[in-house]
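Everything on this sheet refers to the single structure shown next.
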Amino acid sequence: MTSLQIQVDTLLNLLNQASELRSQIDTTAVQHSLKKAISPTFEIIFAGAFSAGKSMLINAVLERELLYSAEGHATGTECRIAYADPEQERVVLTFLSQSEIDQQVNLLCQKMGLTTKIDLTQSEAIALLQAKCKEILQAEGGESKSEKAKQASALNYLLEGFLSNRDRIHLTENQTFSMEQFHFKTLQEAASYARRGANSAVLKRVEYYCHHDLLKDGNILVDTPGIDAPVKRDAELTYRKIENPDTSAVVCVLKPASSGDMSSEETELLEKTRHNPGVRDRVFYVFNRVDETWYNAQLRQRLDTLIEEQFDRERIYRTSALLGFYGSQIRSTGIRDRFGLDSIFASEEIPQFVSEFNRYCASSGKLSANAFRIDVRSYESPTENYVRILGEQGETLIRQLIQDSGIENFRTAITRYLTEEKRPQLIATLADDLNPICTALQRHYLEAWHDLARQPRDRSAFKDQELRQLSHDLKQAGDAFRQDIEQVINDTVATNSNVALETEFTRLKAKMVSRLDELLNTFSVGEVHRRAQSSHRRNSVVPLSGILAEAFYYLANGLEEVLVECSREIVTNFFVRLLDRVRHQSYYRDLQRLLGNDGGIERSLLQLQQQTVLALENEARIECDRYLRERPEFYAEGTASIWQLRQTLQQACRGYDYQSMVEAEPAIRQLLKLDFEQKVKATITRTFRQTINQTLNTHLLPTATEQAEKILQQYDRARTHLSQVLDKEADEKIQQIQRKEAVLAESIANYNDAVSEINACLEKMLLDRRLPIVSQFDLEIVPMMETEEMVSVN
Ligand SMILES: Nc1nc2c(ncn2[C@@H]2O[C@H](COP(=O)(O)OP(=O)(O)O)[C@@H](O)[C@H]2O)c(=O)[nH]1
Ligand SMILES: [Mg+2]
């Protein structure tokens, strides 16, 4: 771990410990900038349209021919160039899989209108298709002549590459090979293998490890497929790289010098680059192919206007990678190898560079007549002109060419950036991202420190402060108790959401209903008849109304027993639960601490329980007493009960003896049932639930208010008690404050250490920003808090 990472981690940990701050501050920016600042690698992506000259530009910057660069040929190969010591130069090659090649072949076939699906395992089919490609190329007159020719050429390369690398291509996996596996002796040898069109077509990735100062310090140059590559997936690969936060800088190689305007893909590229938090302002804009504007005034004008209108002045470069690269290459040549024609360009008939060179000499307008006397002769061949002119002008012309190519300018800028500006800038960005975190931490530490400084430091000061609070605390506890009771009442009465009580009431209902059944079943007409006869000895006949009256008493009293018993149970259980709840509330604990007891809460609740039980029992008795009276519907015309009454009368009054009355027993029971069922139903569905609520309400609320008052009146006792408690607590509390202070002091020291180290680093890099320190001076000045004055006035 680098020291910078340790410092930043310390700060982030401190932030994590300050729980109030943690949720308010987003640390993603810091994570990104830290990663960049400490990362051993720094990826610079060269991105742009197909044929903008990305590969040539990298070759030119490194002054080495590493990458494949050619007209009209787009590959999906990603090339990375990283540093190696001189003896360690090497290349690692990763091949496409057969299924990837298959996909590309079929895509190209489709585009070219060759619909038959090709199977790569069939060599005849491949041979046929290659023949077809060559036919198209011939018909079109060369690989760069038309879109179709380009496609035919690409397809041909792909098939050729597949055939000649067959043993390195796996059906589904991407296989990797080192330089040694190919028996390449030098990087150059491996590079020229990879540059060959057919090989490049089947390579997914090429990693060069190459000795160049620019690559030191972890810099990696990445060449990407064009953003307008014909194979969509290749273009996507580039966009994904641009958006990846691991990417550190982007060189946008733009084409307007040749096309006159920005393409939509180029605009998208700039957009995506700007939105990458890993890249920020580390973007270089290179307008390559600037040589084309030398021969076309209109192009030149359009390029100037575009840059003027759409770009800031910063990091804008105009280059000719082609002239710059070959210019630097032919420096080491001479008349002995005809300025490269026999060495560098040996394989080409009329090299692209030769034509461009002659054109530069003839009509670029860059070579003043005073300095150069150049004669491009129409009767000489391009190569004759080339060799002659270079022979005449030598070194100076090459130097002028390189200077006009703008490559040195770009190379100097990117080298300066990578070797001098990059580190300080990465650290500066990190510091800027850290700044809000440090400012918040610094403020937090000062506040916490001053808070502690205001805390009492000795026993008597501590006691004074606590006792000053006492009446306020007592009132708060009493109020809390009252509010708690109000809450319980509200839950029970207003919303019927007291679950336990609801269950008990349901049980009460069931008990009443089943008791009525039982009473109706056990009621015996014979028994009542005998009892009536024995209390009226003179008479032997008993009227039906006499029997009914007895039955009413029997049922009402039997039901009363149940209702009274259930009421007692409901109230008792309600209070048991209430007490349990109260005992677990914080005001109850507070009271214990302030008074040494609960201030009489428990006693008053138990008393209240007894009163409430009596009250509700009484209500139950009144309720059941009312059962003795017939309901008005009992005799009302057209009801079931009057019909049943008549029925019963007819049966019972058929004779005068005991027997006819006993025979009417089922009818009498039916009649009683009709009447009592309604009465019980009214009790359990309407009246009695209401009665319970009412009883609890009227008993609890006044008592709660009264109790809160009583608590407040116990101030003197509380004062005596609390001061004894405080005597014991003071030492512990003071120690606690001291412990907190020690912890805080340590955090502050850690914070200051981390910040100082980062500041030292900023200073060393000559950056002017600093992160805030928690200074001794700020710690010592304790601002007075307004609330403190208010408390002492009370
Ligand atoms: N005229 C001119 N041609 C260039 C320049 N840079 C590259 N080229 C040519 O453009 C073609 C494509 O270049 P290449 O580097 O492969 O482009 P890439 O697709 O962006 O990698 C090649 O033939 C190069 O020689 C330049 O500055 N001027
Ligand atoms: Mg390229």
Side-chain angles (χ1 to χ4, degrees), residues 20 447-491 575 577-609 611 696-741 782-794:
E20 316 90 276
E447 270 167 25
W449 186 264
H450 293 154
D451 253 5
L452 283 178
R454 277 189 291 267
Q455 302 286 326
R457 289 310 155 107
D458 58 56
R459 269 176 183 231
S460 70
F462 177 72
K463 269 175 74 173
D464 281 354
Q465 194 190 41
E466 292 279 303
L467 288 173
R468 233 184 289 145
Q469 280 276 101
L470 179 59
S471 70
H472 172 257
D473 289 350
L474 281 175
K475 176 153 171 35
Q476 211 164 37
D479 286 349
F481 170 68
R482 186 172 42 76
Q483 281 157 8
D484 193 29
I485 298 293
E486 278 167 7
Q487 181 65 45
V488 172
I489 290 294
N490 190 52
D491 289 350
F575 273 91
R577 286 191 304 270
L578 182 63
L579 251 174
D580 188 54
R581 173 191 167 106
V582 167
R583 283 199 199 103
H584 286 93
Q585 302 299 314
S586 59
Y587 59 79
Y588 195 84
R589 280 193 299 278
D590 291 346
L591 281 175
Q592 296 280 7
R593 175 170 178 272
L594 298 173
L595 283 163
N597 57 42
D598 68 357
I601 286 183
E602 194 163 329
R603 187 157 27 88
S604 82
L605 284 181
L606 287 173
Q607 254 169 24
L608 189 63
Q609 176 185 344
Q611 289 165 12
L696 292 175
N697 200 353
T698 50
H699 283 76
L700 271 167
L701 284 184
T703 309
T705 315
E706 203 178 297
Q707 182 60 37
E709 191 58 35
K710 273 190 201 154
I711 288 173
L712 205 52
Q713 285 160 7
Q714 298 178 45
Y715 177 80
D716 290 335
R717 237 185 75 196
R719 204 183 151 82
T720 321
H721 171 77
L722 185 61
S723 71
Q724 283 164 4
V725 172
L726 289 176
D727 281 337
K728 283 186 220 130
E729 277 182 6
D731 292 336
E732 173 54 24
K733 277 280 162 71
I734 288 165
Q735 274 170 22
Q736 222 172 33
I737 290 168
Q738 282 163 348
R739 273 198 298 274
K740 270 193 197 164
E741 205 173 59
V782 184
M784 184 78 164
M785 280 224 310
E786 293 156 50
T787 46
E788 196 172 38
E789 289 165 296
M790 275 153 51
V791 168
S792 54
V793 169
N794 281 349

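As a basis for the values below, the full set of heavy atoms in this structure was taken, side chains included, without hydrogen atoms, waters or symmetry mates.
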On a heavy-atom basis, the closest approach of Arg739 and Glu732 is NH2-OE2, 3.3 Å
CZ (Arg593) and OG (Ser586) are apart, to the nearest 0.5 Å, by 13.0 Å
In this structure, CD1 of Ile489 is separated from CG of Leu578 (nearest 0.5 Å) by 8.0 Å
Can you tell if the side chain of Leu594 reaches within under 4.5 Å of the side chain of Leu474, non-hydrogen atoms only? yes
| message | Working note: Asp598 + Arg603, criterion salt bridge (charged side-chain N to carboxylate O under 4.0 Å, His left out); need CA distance, chi angles, decisive distance, verdict. | response | CA-CA 9 Å; Asp598 68 357; Arg603 187 157 27 88; over 6 Å; no
**Prompt:** When you measure from the side chain of Gln455 to the backbone N and O of Ile737, does any donor-acceptor pair fall under 3.5 Å?
**Reply:** no
Residues Gly478 and Ala708: closest non-hydrogen pair is O-CB, 3.6 Å
One should read off an interatomic distance between Ser604 OG and Glu706 CD, to the nearest 0.5 angstrom, of 8.0 Å
### Query
Between Gln585 (side chain) and Arg581 (backbone), is there a donor-acceptor pair under 3.5 Å?
yes
Hey, does Gln483 have a side-chain heavy atom less than 4.5 Å from the side chain of Gln487? no
*asked:* Does Lys475 have more than 12 heavy atoms from other residues, nucleotides or ligands lying within 6.0 Å of its NZ?
replied: no
Notebook entry, point to check: Do Arg482 and Tyr587 come close enough that some side-chain heavy atom pair is under 4.5 Å?
Noted result: no
Looking only at heavy atoms, the pair that brings Leu467 and Tyr715 closest together is O-OH, 4.3 Å
(request) Find out whether Arg583 and Leu579 are in side-chain contact, i.e. whether some heavy atom of one side chain is under 4.5 Å from a heavy atom of the other. (result) yes
Rounded to the nearest 0.5 angstrom, the CD-CD distance for Gln736 and Gln738 is 11.0 Å
### Task
For residues Leu595 and Leu722, determine if any side-chain heavy atom of one lies less than 4.5 Å from a side-chain heavy atom of the other.
no
Quiz prompt | Leu726 vs Arg459 side-chain heavy atoms within contact, under 4.5 Å | solution = no
Distance col, row Gln707:CD vs Ile485:CD1, nearest 0.5 angstrom, shows 9.5 Å
Distance col, row Phe481:CZ vs Ile601:CD1, nearest 0.5 angstrom, shows 4.5 Å
Flag the pair Gln714 / His721 as yes when at least one side-chain heavy-atom distance between them is below 4.5 Å, and no otherwise. no
Taken in chain and number order and not counting sequence neighbours, the residues that satisfy side-chain hydrogen bond (donor to acceptor under 3.5 Å, both in side chains) with Thr705 are none
